[in-house]
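Heads up: the structure comes next, in structure tokens.
In this text the structure is predicted, and so the values were computed from the model without any measurement. So that the names make sense, note that chain A is the first sequence line, chain B the second, and so on, each numbered from 1.
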Amino acid sequence: MNKYRTHTCGELNIKNNGKEVLLSGWINKKRDHGNLLFLDLRDNYGITQCVVEKNNPNFIEIEKLPLETVIKINGKVIKRSEDTINREIKTGEIEISISSYEVLGATKELPLPVFSDQEYAEEIRLKYRFLDLRRKKIHQNIILRSEVISFIRSEMQNLGFHEFQTPILTSSSPEGARDFLVPSRLNPGKFYALPQAPQQFKQLIMVSGFDRYFQIAPCFRDEDARADRSPGEFYQLDLEMSFVEQDDVFEVVEKLMTKLFKKFSKNKLLFEKFPKIKFSDAMLKYGTDKPDLRNPLEIYDVTDIFKREDVKFEIFKKLVKTGSIARCIVTKKTKDKPRSFFDGIDNWAKGQGASGLAYFTLEKEDKLSGKGPVGKFFGVQALEEIMKASSAEVGDSIFLACGKQNEVEKILSQARQKIAHDLNLIDENTFAFCWIVDYPMFEKDEITNKIKFSHNPFSMPQGDIKKLDLSKPLDIKAYQYDIVCNGVELSSGAIRNHIPNLMYKLFEVAGYNKQTVDEKFSGMINALSYGAPPHGGIAPGIDRIVMLLAGEKNIREITLFPMNQNAQDLMMNAPSSVSEEQLKELNLILKKKK
RNA sequence: GGGGGUGUAGCUCAGUUGGUUAGAGCGAUCGCCUGUCACGCGAUAGGUCGCGGGUUCGAGUCCCGUCACUCCCGCCA
């Protein structure tokens, strides 16, 4: 028999009535009546109420045990009377009458209470993460994460994928995020980099003939944190497949995601077959390449309206003349909304750093008119044109933004979410997946004006690769795609370019000569020269998937031991200083702080 | 690198126009209480008001600087 327990704290019920049992766990809560003491014992599996009476020789001692002490109790399962049953917990029909106890782990005074649903400052939660993790909600989030990962592993295996590990110490790559560097002792002055993703390795696995690979892969990027982005490290479901086209990758991922989200969430899936939206359409209709499709609002281009004679909105007209664009969001049947609703959105936009959102409502008494601050600037025919361009009807309202394309896209994409939220248009109990496809291969760097890869330099360009017109690089589309759910970008993926000559050409457009490519991507480019299969893949972010399933908005709520915003582990004291000895061994000298 | 928010007891927070000895709940300690499940009641301890400077007869409160945490922008192929 186990020395510590015969049962867990979550399993005893009426069927065990009268049984002598051993339970071990934490003291979750005490209710002391002086001559009668209730004690809730908690472990990973649940809570069991234990009871001691004054006549027990241990009564005074048990009464004094602080919360969160780990104890073992010996006692008898007793059926509770009908009026004292607790329906909230699994073990609520019984309680344990304690006959003896033993302290297994004493506790100091707690820096934060475990028994509480209150919110606590991150700093204290992260420093005492082991206490924080005992709390119900986060404890369950972490278990959910574990189960999600197990499920993914078994499903991927069912789909014919093999899991492989790839190196953690690898080489620095010139594109992309900042690398974490690790100095090499055996090669003084040289550094390893932690992988930003196993991108090159997974392609090498395909060249090695393994056909279908996946990995729950740790990825390291030295970039600043956000609520939905851990500093430093995160996990991807990295996968790659040989002899496939874009749709083959989509099929695998859709199968996996629908099964996963149905299993771990009660929320409905809005689409079983995920819609495919062209990047350019997404930017026009939603102002972003990660649209929340639960949101019914769309954006319409109305630039041409401001070239009309019967439009007197001079600020916009002037901007349009100098190359700005004008776009709008239409809200249905909002003519009776109070002024505060409209001004609230205008003020919110100003708070976002935009020049605000102009608005008016379409009304018709004798004739069509625009009601609201800028409504008077539009003639009847202009209003009709706006209605045509934006599918608006009488009673709807128009929110307008004008400026440079990327500024308008940005503010309207945010406004789209803000307005939908204010009007309560988003069903929180659904998941809306979609694919964003047809990304451009290159884009212009706004500061340097140089052509650069817009996403992954290893992506395959679309069209006939023999007739590819490299003189117009901005027109080239790639077999590059994103999967998005509820406005959260889960992943990017691509069909890869497995043809070395084509890759050299594309890199040249982005300003890398052959020699640089050979040097920086030697492993890859060399491998592709020895018979590489066409291949492609994707890498959905595990953390964000679990966030969506857990309904959390902060990635730390689904991460066991996260770092804070400054990439410090407050519990382990990382990063930390190292000894002179260690530095010497690594051939490193630290610059003195000024 | 930039912008916003927060910082008062172990924890969560209140603290008015600058004005006596800075408060509450939870937790801790002590006492009372035999059916609670956020048990109840009473008492006690617990404070460099993030830190530094300034204005003032007087600063938790106003001003300047600084630090920490957090959210956002930049960044994240």
| task | Between A/A177 and A/K410, just flag the one whose closest nucleotide in RNA chain B comes earlier from the 5' side. | result |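 Closest to the 5' end, via its nearest nucleotide, is A/K410.
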Distance below 4.0 Å between [X] side-chain N/O and [N] OP1 or OP2:
X: A/R31; N: B/U34; value: no
X: A/Q118; N: B/C11; value: no
X: A/N35; N: B/G35; value: no
X: A/Q414; N: B/C72; value: no
X: A/N566; N: B/C69; value: yes
X: A/R135; N: B/C11; value: no
X: A/K127; N: B/C11; value: no

Would you say the base of [N] and the side-chain of [X] have a donor-acceptor pair closer than 3.5 Å?
X: A/R229; N: B/C75; value: yes
X: A/D224; N: B/G74; value: yes
X: A/R80; N: B/U36; value: yes
X: A/E123; N: B/U70; value: no

| field | Nearest-nucleotide pick for A/Q568, side chain only, options being B/C71, B/C69, B/G35 | value |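 Looking only at side-chain atoms, A/Q568 lies closest to B/C69.
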| said: Please name the nucleotide paired to B/A68 by Watson-Crick or G-U wobble geometry with both distances under 3.5 Å, or report none. | reply: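 Across all strands, the one nucleotide that pairs with B/A68 is B/U6.
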| With both distances under 3.5 angstrom, what nucleotide forms a Watson-Crick or G-U wobble pair with B/G18? |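 Pair assignment: B/G18 / none.
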Could you run down the sub-3.5 Å N/O contacts of the protein with nucleotides 6-10 of chain B?
residue, atom, partner, partner atom, Å
B/G10, O2', A/P111, O, 3.2

| request: Say whether A/E519 and A/Q515, considering side chains only, have a donor N or O and an acceptor N or O under 3.5 Å apart. | output: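 There is no such pair between these side chains.
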| message | Using a heavy-atom cut-off of 4.0 Å across all strands, would you classify A/E122 as base, sugar-phosphate, or nothing? | response |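 A/E122: backbone/sugar contact only, no base atoms under 4.0 Å.
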